[in-house]
Amino acid sequence: MPAPSPSSTKPSSQPTGAEARRVWEAGEAARGQRPESALRLFGKALRRDRWALASGIFLLLVALASLVAPWISPYGPNEANPVLRLGGIGTPGHLLGLDQQGRDMLTRLLWGGRVALPMAFIPVAAATVVSLLLGMVAGYYRRGIGELVMRLLDILYAFPAVLLAIAIAGILGPGMTNVMISIFIVLLPYMTRVVYTSTLTVAEEDFVAAARSSGAGDASILLREILPNVTAPMIVYATLSLGLQVVFAAGLSFLGLGVQPPTADWGVMTSDGRSVLALAPHVSMVPGVLLLLVALSFNLLGDGLRDALDPKLRV
Amino acid sequence: MARYALLRILAIVPILFGVSVVLFLFLQLVPGDVAATLLGPRATADKIAEIRAELGLDQPLYRQYFSWLGGFLQGDMGRSIALQVPVASVVVPKFLNTLLLAGAALLLALAVGLPIGILSAVRQYSWVDRLGTFLAVFGSAAPPFWLALLLIYFFSLELGWFPTSGMQSLRGDGGRLELLHHLFLPALATSAIPMAVITRLTRSSVLEVVRSDFVVALRARGLPSHRVILRHTLRNALPPVISITGLQAGFLLGGTVFVEVIFSWPGIGQQLYQAVLAKDIPVVQAAMLFIALFFVVLNLLADLAVAYLNPRLRAG
């Protein structure tokens, strides 16, 4: 068979850049490996999964209500009505009752969200960003720096997370910032491992090899090829983790290691109710139920996102 | 298998070394002058100087570390600053109490989680399956401190079935039965999370195996259902459950802290909490070291058990 002369080559067999890209995209789409954008992931999860949708709406409402608490709450967060002390659920003018100092429970729940939600959200967001950086670099440069980073994080793995956070928060002293620092430290190894594992898989993919052979540098491969592919699993993980961290941050305040009374916070409120549990169980049960619902919603939303990302993982 | 086990055991050494460095650095985390903070506001300058010398704070950091580590390796874990007794005499008995609580919670979690998880998979979408889903969803989201208060309210204050706190009654005989009576509620509160995890994982693991070709083939050959499940399915479905149970056992050591504080259970979590409040760093370090050591060993055992059950790993 004679070698084809240049003149006999049809123009279409010399794909242009645009064509090559279309072919590549079609192939990727067919294999279901196109990077899932965060926005599309949320859209898919909320459309398909009624529980995820309901949870998302509930969380949005709680966050909004907390945000506008100063304008919508019927009383001040520390405004006391001693006459109605320990009034139960349904006391006139106090939908969710009053605590032992005669403060309105609903008002304090609304204000409490302004403390409880950011106290979990900020460290989770910070840990997500830092672990994306650490995990991607560690997964991409597996031999040298990657090995070092992962072995160092293994050390933090040796402590049960709750105890490590309690020790760190306790030694640093009470306060919102120290709670957030301790949660950030404890989350870091777990989140970095998630990014690291996904990076290892993605780095083996053909499109990474293709990018490299077309002359892309390491930074460009990390940012343009790997980052979009490891972000989605990370969002799933961060959402699931938010539920745990809301409960845990409140737990630190419950123990007196976090936000201090009389600040309205869901953990502080649950702790307030401990001494009057026999007389007025609603004082600790009401904030506890709200914590349960918020944690539950983050779990269901996270499950929905995970199923939307990869239906095979559904359990 | 022997080679794998040896490698896994050797891998622990650098981790424990790192753990000791982290714990040592805890002392550096204390804000301000360490000795003054440890002694509180009424400390005299003499006393502060004495503590500085005792802790070796006047020496360079690496010297401090090696003398601290040397003491630890010889069994001298230092003295509690708040209680003025050797740390070991505080930490060891408390640790045993926590093991009792965590062990009971794990047994409860397995006793409920395994059968419900298996039944949920075998009878998918039945009422057992719904109950399992509810347990898993509720248990993993319920704040442990709230759950503990809820149990106290219902079972102790309202019904009066169980005591609200402690390990023994004031005028009790100190017998086993009395201990169990005190143990039940804290163990139940502690078991919520591992129960949720074990139920969910058992269900998904069994489901996956039940649908696989070889199980279908066994059924086609006419093997009775209980034999297919008990002899063939579970053997293949349990390794991930074992590995997660090992992890959960480790997490339980941390997860008991809220329950211990609320039920006044004299365990290591409560001790750690009190030491943290009192800035009693030697106790914090010793408690964390014990827990980390136990945690690492548990994870190792779970890994080895999984490897042993997996013939492919056993041979290699």
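Chain naming here is simple, since letters A, B, ... match the order of the sequence lines and numbering starts at 1 in each.
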[X], part contacting chain B, at a heavy-atom distance under 4.5 Å:
X: A165(A); result: neither
X: V289(A); result: both
X: V247(A); result: both
X: L257(A); result: side chain
X: F254(A); result: side chain

Evaluate the ring planes of F258(B) and F145(B), with Trp represented by its six-membered ring, and classify them as parallel (under 30°), tilted (30 to 60°) or perpendicular (over 60°).
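Judged by the thresholds at 30° and 60°, the geometry between F258(B) and F145(B) is tilted.
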Indicate the ring-plane relationship of F155(B) and W161(B), choosing parallel, tilted or perpendicular according to the 30° and 60° boundaries.
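Plane angle between 30° and 60°, so tilted.
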Heavy-atom pair count under 4.5 Å with chain B, highest-scoring of L255(A), I155(A), V162(A), I168(A):
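That would be L255(A).
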When you measure from the side chain of H282(A) to the backbone N and O of G273(A), does any donor-acceptor pair fall under 3.5 Å?
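No.
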Measure distances from [X] to the heavy atoms of chain A and classify the residue's part below 4.5 Å as side chain, backbone, both or neither.
X: I15(B); value: both
X: V137(B); value: both
X: L149(B); value: both
X: F138(B); value: both
X: V261(B); value: both
X: S140(B); value: both
X: V19(B); value: both
X: L16(B); value: neither

Is the closest basic N to carboxylate O distance between [X] and [Y] below 4.0 Å?
X: D265(A); Y: R108(A); value: no
X: E147(A); Y: R151(A); value: yes
X: R103(A); Y: D272(A); value: yes
X: D99(A); Y: R274(A); value: no

Any side-chain heavy-atom pair of [X] and [Y] under 4.5 Å:
X: M105(A); Y: P287(A); result: yes
X: Y157(A); Y: F295(B); result: no
X: T239(A); Y: N299(A); result: no

Look at L150(B), I268(B), L277(B) and state which one has the largest set of heavy-atom pairs under 4.5 Å with chain A.
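Among L150(B), I268(B), L277(B), the one with the most close pairs to chain A is L150(B).
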Out of L252(B), V284(B), I12(B), I262(B), return the one with the most heavy atom pairs under 4.5 angstrom to chain A.
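Most heavy-atom pairs within the cutoff with chain A belong to I262(B).
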